[in-house]
**Q** 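I have a structure here, written as C-alpha cells, and I will follow up with some questions on it.
Because the structure is predicted, anything quoted here is derived from the model rather than measured. By convention in this document, chain letters (A, B, ...) are assigned in the order of the sequence lines, proteins followed by strands, and residues within each chain are numbered from 1.
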Amino acid sequence: MELLKKVAFLDLLKGMKVTLKTMLKPTVTVHYPFEKVEPRKRFRGIHALKLNPDGSYRCEACYLCAEMCPSNVIDMEMTEGKDGKKELVDFTVDLTRCLFCGLCVEACPRDAIVMTDIYEFSKYSPDKLILHKEDLLELGRYYQRKEREK
Amino acid sequence: MESFKIIIDGKECEAYPGETVLEVAERNGIVIPVFCYHKELRPEGACRVCLVEVEGAPRLATACTLRAMPDMVVKTNTERVKKARAGVIELILNNHTLECPICDKAGECELQMVGFRYGPKKSRYREPRREKDIVIQGPLIEIDNDRCILCRRCIRMCGENMGNRVLGIFNRGYKAYISPFNGDFLEGGCEHCGSCIDVCPVGSLLDRAFKYKDRPWRMEKTWTTCTLCGSGCKMEVDTYHGKVKRVVGRIGINNGHNRGYLCVRGKWGWDIVYSDKRLKKPLLKKGEELKEISLEEALRILKEKIEGKEINLFLESSLTNEELSKLSAVFGNTNVTSDALTFSLAVEGIASITGERRTASFSSTEKSDVVFVIGDFIEEVNPVIATLLRLLVIQKGKRLIRVGSYPSKLDAVAFSSLIVSPEEVIDLLKHFIMGTIDLYYSSGDRKIDSAAKALRNKKVAFIIGGTTLFSPDIKEISQTVAYLADRMGNATITVIPPKANSIGVTKLFDLKPPEKLKGSVNVLVNTELERDFPGIELPKAEFTVVFTPFYTHDIAKADLVIPIETGVEKEGKVEGIERTLDLKRAVVPKYQLTEIISQLPYREGSREKRELKIKKKPGESILSGEKGEIYFTLLVNRTGWNSVSYYSGNVAKVAGRRELHLHPEDAKGRKIVTLKGEHGELPISVVENDSLIPGTAVLRVERVTRDLKGLVKFPFTSNFKCRIAEE
C-alpha cells in the first residue's frame with residue numbers, strides 16, 4: 001500500500017486537487033488597474049445632481065439631503081435668482097467623510113441627487129475630494145448618459 | 001382677583017375671571033393646537049382648530065374665545081375633538097400649496113407642526129390646489145397668497161397692535177387674499193416693522209431680504225440687543241457660517257422688554273455690517289492723500305501723537321460700557337463731548353429736583369395707572385417704545401396723556417393729547433402742577449382740567465422722549481416734570497434715550513459743549529460730525545484721529561483713521577431704557593475697538609466731582625418767538641436715524657423723503673419755500689399738513705447733511721426758530 005502511494009504520487013495529486021479541478025475553468029481574478037469590474041445595478045458611487053431635459057438642475061436647495069446625512073457631508077448655499085426662483089449658489093459634497101449610505105438620495109423630494117457607479121475618485125490632495133456644484137452637474141450629465149444607454 | 005377651578009382633561013386647573021380656556025390650558029401645560037390665536041393679539045376664532053368639547057354644551061367650542069367659567073369641564077382629546085380637528089386641518093391643507101422644500105418658513109411653520117401632530121394622514125379632496133395666483137411684492141415684505149390660511153393674524157397685528165391698518169383681506173370665499181390697500185406697501189403707509197412676518201403661522205408673509213437665502217433650522221441663533229436707537233430691543237440674529245442671514249424678533253417668545261416688537265432698523269438694518277461703505281484698513285494721511293497702513297503702524301503713530309497731550313473726545317453714544325470705560329482710561333475724561341449732551345441736560349433737570357442723576361426704567365409704566373408722555377415723534381426716534389406705549393393702552397387698559405407740540409401717532413390711543421406751541425409746554429405743565437393738587441383749580445381749558453383730573457390720586461409714569469429731548473427747553477421741561485412728579489409723590493420719570501447707550505455716556509462722563517473743549521488732539525469715536533454734531537466745526541488741533549466703521553465725511557479731516565466694529569458685531573453691555581442690556585457678538589469683526597484701545601497706554605485720570613444744586617422749583621421757558629418766526633423741528637425719518645438707511649441696502653429701499661411739513665396758513669399755497677435760519681438758508685419743497693398747529697414746521701430728512709448747517713446748531717435740533725423767506 002505504501003509502495004502504491006509512492007508510485008502513483010497520490011499525496012501530490014491530493015495536494016494538487018484544487019489546482020487540477022479549476023485549471024481548465026475560466027479565470028475569476030481581475031487584474032484591477034488593467035481590468036475593471038462592472039458595478040452592480042444599484043451600486044452607490046459618488047454623488048451627482050440630475051438635470052432637467054432643458055439643462056437646468058433639478059435641485060431646489062431644500063437642504064433635506066444634508067439634514068438626513070449622518071456624517072455631515074453635504075452643505076449648500078442658496079439665494080433668490082433673477083427670475084424669483086430659488087437658486088443654488090453652491091452645493092458641496094465632502095467625499096472625505098462620506099460613507100455612501102445613500103440616505104441623501106432617499107431624502108430628496110425632487111429626485112435631484114443620485115449616486116453614480118463611479119468608485120475611482122482618489123486624489124492627491126484632500127481638498128480635491130470636495131465636490132462643488134459644477135462637478136456634481138458634470139457627474140449628473142454622465143449619470144444620465146449612462147441611464148440612457150441602459 | 002378671586003380664582004376658581006375648572007377641569008381640563010381631568011386635571012383641576014386654577015382660572016381667573018376673564019381668562020379664556022386656552023390661556024388656562026396653556027398655563028397648566030395642556031397643549032391645544034392654534035393658528036389664529038396669538039398671545040399678543042385679540043382672540044378672533046377664525047381658524048377653528050382649537051375646538052374643544054365642553055360638558056353640557058351641544059357643539060364643540062373654540063378654546064381661544066371661550067371664557068373659563070366656574071365648574072367647567074373641558075375635554076381636549078376625545079375622539080370627537082380629534083376628528084373635528086383633523087377635518088379642519090384637512091380643509092386648510094386642501095388649498096395650501098405643498099412647497100415646503102422651498103418655503104422659507106419650513107422648519108418653524110406652525111401649520112407643519114400642527115399638521116403632522118393632529119392632521120389627517122390622508123386627504124380626501126381631489127380638487128386642484130391654488131396655484132401661485134396673487135403674489136404681492138413690496139420692497140421688503142412679500143405676500144404669497146397661495147400659502148395663506150386666512151388666520152388674520154397679520155391684519156390684527158398691523159391694524160390693532162401697530163396701529164397702521166395697512167393689510168386687509170380682499171374678495172371673499174375661495175378667492176380671498178391678503179394685500180395692503182392699493183396693493184402697494186409704501187403707498188399704504190407701511191412702517192415696515194416686520195411684525196406681520198413674525199406672527200404669520202405659515203410662509204405667506206416673507207422677509208424679502210431673507211427669501212430663499214437659508215433654511216431656518218440650520219442657522220445659529222444669537223440673542224443680542226439692537227444698538228441702532230435707544231429702545232434697546234432684544235432680537236435674535238440668525239447666522240450661518242459666520243454670515244448674518246436675518247434678524248427676527250419672535251413676538252410671544254422674546255422675553256426682552258420689547259416683547260419681540262422691532263422696527264425697520266432692527267429688523268432690516270443688520271446689513272450695515274456688509275455695507276459697501278465699510279472701512280477695510282486703517283488709513284494715514286500722507287500729504288494730501290490717505291494711504292492704507294497696517295494696524296500696528298497706526299497704533300504706533302497714535303501712541304506717539306497722544307502722549308502727554310490733552311485730548312478732545314467726540315463720542316457717539318451707541319458705544320458699549322466696556323468701550324467707554326477703556327476710552328476714558330486711555331484718552332482721559334476731562335474734555336469729552338457727545339450727542340447725549342441733551343439727554344444729560346434732561347437728566348440734570350430731573351436731578352435738580354430729585355437729587356439723583358437717574359431715571360426709572362421702562363417697566364415702571366407697567367405698575368402705573370396713567371402714562372404721561374411729554375414728547376414729539378417718539379414713533380420716529382424710538383418706534384418700538386411708541387408701540388409699547390400703544391400696547392399699554394390697548395392691552396393693559398392704562399390711560400395715556402400726551403403733551404407735545406406736534407401731532408403724533410400716539411394721539412389715536414391717547415386719553416387726552418394736548419398739543420401746544422413749544423413755548424407754552426412748560427406753562428401747560430404748570431397747570432398740571434396746580435390742577436393735580438388743588439381740586440378747585442381751573443386753567444380755563446376743559447381739556448387740561450379733565451387731563452389733570454385723570455392724574456389725581458393715581459400712580460403716574462412720566463415719559464420724556466422723542467424730539468423734545470433736542471429742544472432748547474429740555475432742561476426746563478424735565479425740571480418741571482420732575483417737580484410735578486415730586487409734588488404728586490406716587491410717580492416715576494423715564495427719559496427715553498435717543499441712542500443705545502445715552503445713559504451710560506451721561507453716567508461715565510461730564511459732558512461739555514464742543515466749544516469748551518481745550519485739548520490739542522481730536523479723537524472722534526463712531527461719530528459723524530454732520531449727524532451727531534450738526535452745525536459744529538471741529539476744533540483746531542494738531543492731530544485728528546477718527547475711529548469709525550464706515551467711510552464718513554469726517555475722514556477728509558482726519559490724519560489717522562482706524563476701523564472699528566458696528567451693529568451686530570458688538571459685544572458688551574449698554575445702559576438701556578430697561579437697565580443693563582446684554583450685547584452678544586453674532587459675527588466676529590476684523591477690528592475690535594476694545595482690543596485696539598487696550599494696546600494704548602493708560603493715563604492717570606482725575607475725575608472732577610460733579611456738583612448738584614438742588615432747587616425745588618419748576619423751570620421757565622427760554623423760548624420766545626417774534627412775529628413771523630416759526631418753530632421748526634429737524635426730524636430724521638424712522639429709516640434714517642443713526643444713518644441706517646445710508647449704510648443699509650435693505651432699509652434704503654423704504655427710505656423716506658426730505659420735505660418740509662407746514663400748516664396751510666404758513667404755507668400759503670407755496671410749493672417751494674426758503675427757510676432762513678440764524679446762519680444760513682435752505683430752499684425746500686413743502687407738504688401742507690393741517691394736523692400741525694400754525695407756527696410750527698417739521699423738516700423731515702433722511703440724513704442730516706451739510707446744507708442744514710445754517711439752520712440747526714448742536715446740541716439742539718428741535719424747536720428752532722427760523723423764518724420763511726417772502727418772495
**Q** Strictly less than 4.5 Å between heavy atoms, which residues of residues 188-211 of chain B line up against chain A? Please order them by number.
**A** B:Arg208, B:Lys211

**Q** Using a cut-off of under 4.5 Å on heavy-atom pairs, state which of A:Glu77, A:Met78, A:Arg110, A:Glu87 scores highest against chain B.
**A** A:Met78

**Q** Please flag which part of A:Glu67 lies under 4.5 Å from any non-hydrogen atom of chain B: side chain, backbone, both or neither.
**A**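 Side chain of A:Glu67 only, per the 4.5 Å heavy-atom cut-off to chain B.
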
**Q** Using every non-hydrogen atom in the two residues, find where B:Ile149 and B:Phe35 come nearest and quote the distance to one decimal.
**A**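 Looking at all heavy atoms of both residues, the shortest contact is CD1-CG, 3.8 Å.
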
**Q** Pair B:Phe185, B:Ile143 - check side chain to side chain contact (heavy atoms under 4.5 Å, CB included), show working.
**A** CA-CA 11 Å; B:Phe185 281 95; B:Ile143 310 181; 3.7 Å; yes

**Q** What do the steps show when you test B:Ser648 against B:Asn650 for side chain to side chain donor-acceptor pair (under 3.5 Å), and what is the final call?
**A** CA-CA 5 Å; B:Ser648 155; B:Asn650 291 338; 4.9 Å; no

**Q** With a cut-off of 6.0 Å (strictly less than), are more than 12 heavy atoms of other residues, nucleotides or ligands near CZ of A:Arg141?
**A** yes

**Q** What is the minimum heavy-atom distance between B:Glu187 and B:Asp184, and which atoms define it?
**A**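 What the structure gives for the nearest pair is N-OD1, 3.0 Å.
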
**Q** Is it possible for you to check whether B:Lys277 lies under 6.0 Å from the centre of the six-membered ring of B:Tyr646, through NZ or CZ, and within 45° of that ring's axis?
**A**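 Flagged: B:Lys277 positioned over aromatic ring of B:Tyr646.
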
**Q** Mind listing the closest non-hydrogen atom pair of B:Pro101 and A:Lys86 along with its distance?
**A**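 Of all heavy-atom pairs spanning B:Pro101 and A:Lys86, the closest is O-NZ, 3.7 Å.
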
**Q** What is the minimum heavy-atom distance between A:Leu88 and A:Ala61, and which atoms define it?
**A** CD1-CB, 3.5 Å

**Q** Could you tell me which residues in residues 240-250 of chain B have at least one non-hydrogen atom under 4.5 Å from a non-hydrogen atom of chain A, sorted by residue number?
**A** B:Tyr240, B:His241, B:Lys245

**Q** Is any NZ, NE, NH1 or NH2 atom of the basic residue among A:Lys50 and A:Glu147 found under 4.0 Å from an Asp or Glu carboxylate oxygen of the other?
**A**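 Here A:Lys50 does not pair with A:Glu147 in a salt bridge, since their nearest N and O are not under 4.0 Å apart.
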
**Q** If you count every heavy atom of other residues, nucleotides or ligands that lies below 6.0 Å from B:Lys175 atom NZ, does the total exceed 12?
**A**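 12 or below, so no.
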
